[in-house]
Every structure is written in C-alpha cells, then in structure tokens.
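These notes are about the structure you will find just below.
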Amino acid sequence: MIRCGMRLSSLRFWTYLKQSLYVILLIIFCGQLAAKELEISEQLYKRFHCLTKKLRCHVCVNQSLFDSNAPLSQDMKNLIASKMQSGESDQEIVDYLVLRYGDRILYTPRLNQWTVVLWLLPIILLVSIFLHARQFFSWEKQQ
Amino acid sequence: MSPKFYNRLMPVAIFVTFLGFLIKGLYLSPLEKPLHQIGRSIPKFQLFDLEQNPITETVMKGQLTLLHIFASWCSTCQYDHAFLMSMKKPETFNIVGLVYKDTLKNITEWFEQSGDPHQFTIVDERGELAMDLGVYGTPEYFLIDKQGIIQFRYVGELNDSVWNEIIQPKILDLS
C-alpha cells in the first residue's frame, strides 16, 4: 500500500512538474510574441503604456486601447508606437486620433461646449448641497 | 415658498432631474452619429486601384462621391454589394470603393464573379487610408462633395429604407 502510494505521489509530482514547465514555457513564449509585436524601446514603452491606457478601444467600448487585442486597436497601437518613435508628442498623437475618431476615444472628456455641463455639474451639485444643508440646519435651529 | 416646502422639494427635484439624464443616457449611442469627421477635407493618399494603377485623392474631387468602405471578409458587405449592384448606375455622383484590409486577389475574384458597382476602387491593404478617415468597421459610407470635403457619414448596412430615407435625401441636398 505504502509503496503503491509513494509511486502514485511521485508520478503525480512529475506530472505536475511537467505541466508547470509547459505553463512556464508558454508564458515565456507568449511574452516574447507580445514583445515582437511592438518593436519599441523600453523608455518609450512607459510613455506608450500611459497614453494607451487613457484611450478607449473603438471595437470593445469599455476596454482601453492598451488592453484591447482587437485588430483595429492593434493598428492604432502600431500607429501610436511609430508616431512616438518619429518624435511626436503625446498631445500631437491625441489630437491626431481625436480628429479622426472623435472625443469618444478619450476616457477623460475635454472641456468644450458639449461637456461643460458634465464638468460643472458636480461642482454645482456640491455647492448647492452645501448651501441647502446650511439653510436646513439654520432653519432647524430656529425651530 | 416656505422653507419646509423648499427643503422637501429640492432633493426630490434634483433626484428626478438626475434620473431623467440617466434614463436618457441609456438610449444614447455615440456610435450612431459620428459627427467629428464632417467638414474635414479628404486626406491625401497614394494607393493603387484594381488594375494596379496609382490612384490619389483627386479621384474624389470634381464630382459628388459616395465612398464605400468594404472588404470581402465582411459578411454585411456581401449584402451591400448586392444592393449597390441592383441600383442603376448613378448619374449625379460617383461610387468609389475603398477596400479595407483585404487583398487585391480576393477582391478581383469577388468582382469577377458578381460584378463591380464602383466607378473607381482603391485598394488599401494595410488600412492606412481607412485609419486616416477614422474608419472603425465595415461597411461604412462617406459623402464627399465636389471640393473634396466630407459632408456626411453613415456606418452600417445599406438597405432600401436606409437608402431612401437617409442617404438619398443627403445626395439630393448636395447635388
């Protein structure tokens, strides 16, 4: 019984080892594939990461460009990478994309005639709540 | 207004207004009306047509153009292709095709079998011009006036009601 048990556990050990080795190999392989997709220096990568996190994928609307694997997002990321390599600033790249894909591509909307309500409403609400509360309590005191 | 009445009404009023915005927001889709391209002139490009002759943005100037963005791998484009084929050749405008991320070979084979509804076809294998136009899927339609300025954009399938109610009135407006 014990021998049999030992045999089984050692067999299991080797299976686990083999499986985890496969997984590790797979991770390394995938990582290298991803690295090959975008040939970009490490210094630029940080900028690239920050910028693409702030941009929205057009295919899967609630995902950032950075996280998205949609073909269109891949193209956009390649475009951004090549623009960064040719020395364009983040602002220039964002302007380029907004002109073509609209404000919707930005996670943080810009302040303009359409978004002024969006930006000002929280401030107006906070101020009005404060004023309202003050009025309410002063009225309570009078009672 | 008595303070008591005001105090009771205000939170309710704010809540109802907020709820109204939220309910309205549920039914709004930013995908429906991509307005940001309108008024922009057509970007410069140098690509090839189906006969591998060079083609540039001048092809869309001088006459009203319906730019049709399509690909053979897109199933909706098959319907749109059939719809455009069933239409009689327009006199007031040109139909220009833009092949989006597809090969010349695929398109030639397709058109040999079922015909070509376009006056000109631009092959954009890498989708560079399409990206410059802000295309995010096929099929898509642009109306470009004589001066080469984008006047209208439609995203999605073409059918009788879309054609008669949306696109044709725009074409009549512009020509």
Partner residues of A/D90 under the side chain to side chain donor-acceptor pair (under 3.5 Å) criterion, sequence neighbours left out: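 Per chain and number, A/D90 pairs via side chain to side chain donor-acceptor pair (under 3.5 Å) with A/R47.
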Determine whether [X] and [Y] fall in the same hydrophobic cluster, where Ile, Leu, Val, Met, Phe, Trp and Tyr are linked whenever their side-chain heavy atoms lie under 4.5 Å apart.
X	Y	value
B/I149	B/F142	no
A/L44	A/V94	yes
A/Y45	A/L55	yes
B/L19	B/V12	no
B/I122	B/F48	no

Which residues in residues 88-110 of chain B have any heavy atom lying under 4.5 Å from a heavy atom of chain A?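 B/Y100, B/K101, listed by number.
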Rounded distance [0.5 Å steps], CD1 in A/I124 versus CD1 in B/I14: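 That separation rounds to 11.0 Å.
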Can you tell me how far the CZ atom of A/R104 sits from the OH atom of B/Y136, to the nearest 0.5 Å?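 With rounding to 0.5 Å, CZ (A/R104) is 6.0 Å from OH (B/Y136).
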Tell me, yes or no, whether the heavy-atom count around B/K146 atom NZ, taken from other residues, nucleotides or ligands under 6.0 Å, exceeds 12.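 Not buried by this count: 12 neighbours or fewer within 6.0 Å.
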Would you say that more than 12 heavy atoms from the other residues, nucleotides or ligands in this model lie under 6.0 Å from the CH2 of A/W119, or not?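 Open: at most 12 neighbouring heavy atoms sit under 6.0 Å from CH2 of A/W119.
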Taking all non-hydrogen atoms of both residues, which atom of A/L72 and which atom of B/V135 are closest, and how far apart?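 Distance-wise, the nearest heavy atoms are CD1-O, 3.7 Å.
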Looking at every heavy atom in both B/Q37 and A/L99, which two are closest together, and how far apart are they?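 Reported closest heavy-atom pair: NE2-O, 3.5 Å.
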Taking B/A130, B/G134, B/G137 one by one, which has the highest count of heavy-atom pairs under 4.5 Å against chain A?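 Highest number of pairs under 4.5 Å: B/G134.
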Could you name each residue pair satisfying disulfide (SG to SG under 2.5 Å) that touches residues 74-163 of chain B, not counting sequence neighbours?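 Sorted pair list: B/C74-B/C77.
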A/S128 side chain reached by B/M10 side chain, heavy atoms, under 4.5 Å: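 Heavy-atom side-chain distance check fails, nothing below 4.5 Å.
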Could you tell me if the side chain of A/L79 sits less than 4.5 Å from the side chain of B/M131, heavy atoms only?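 Yes; the side chains approach each other to less than 4.5 Å.
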Sequence neighbours left out, what pairs pass ring pair (Phe, Tyr, Trp, His ring centres under 6.0 Å) with at least one residue falling in residues 84-112 of chain A?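 Pairs touching residues 84-112 of chain A that pass the test: A/H58-A/Y101.
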A/R100 side-chain N/O to B/D132 backbone N/O, donor-acceptor pair under 3.5 Å: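 Yes; judged by distance alone, with no hydrogens or angles, the pair exists.
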Under a 4.5 Å heavy-atom cut-off, does chain B meet the side chain of A/L97, its backbone, both or neither?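 No part of it gets close to chain B.
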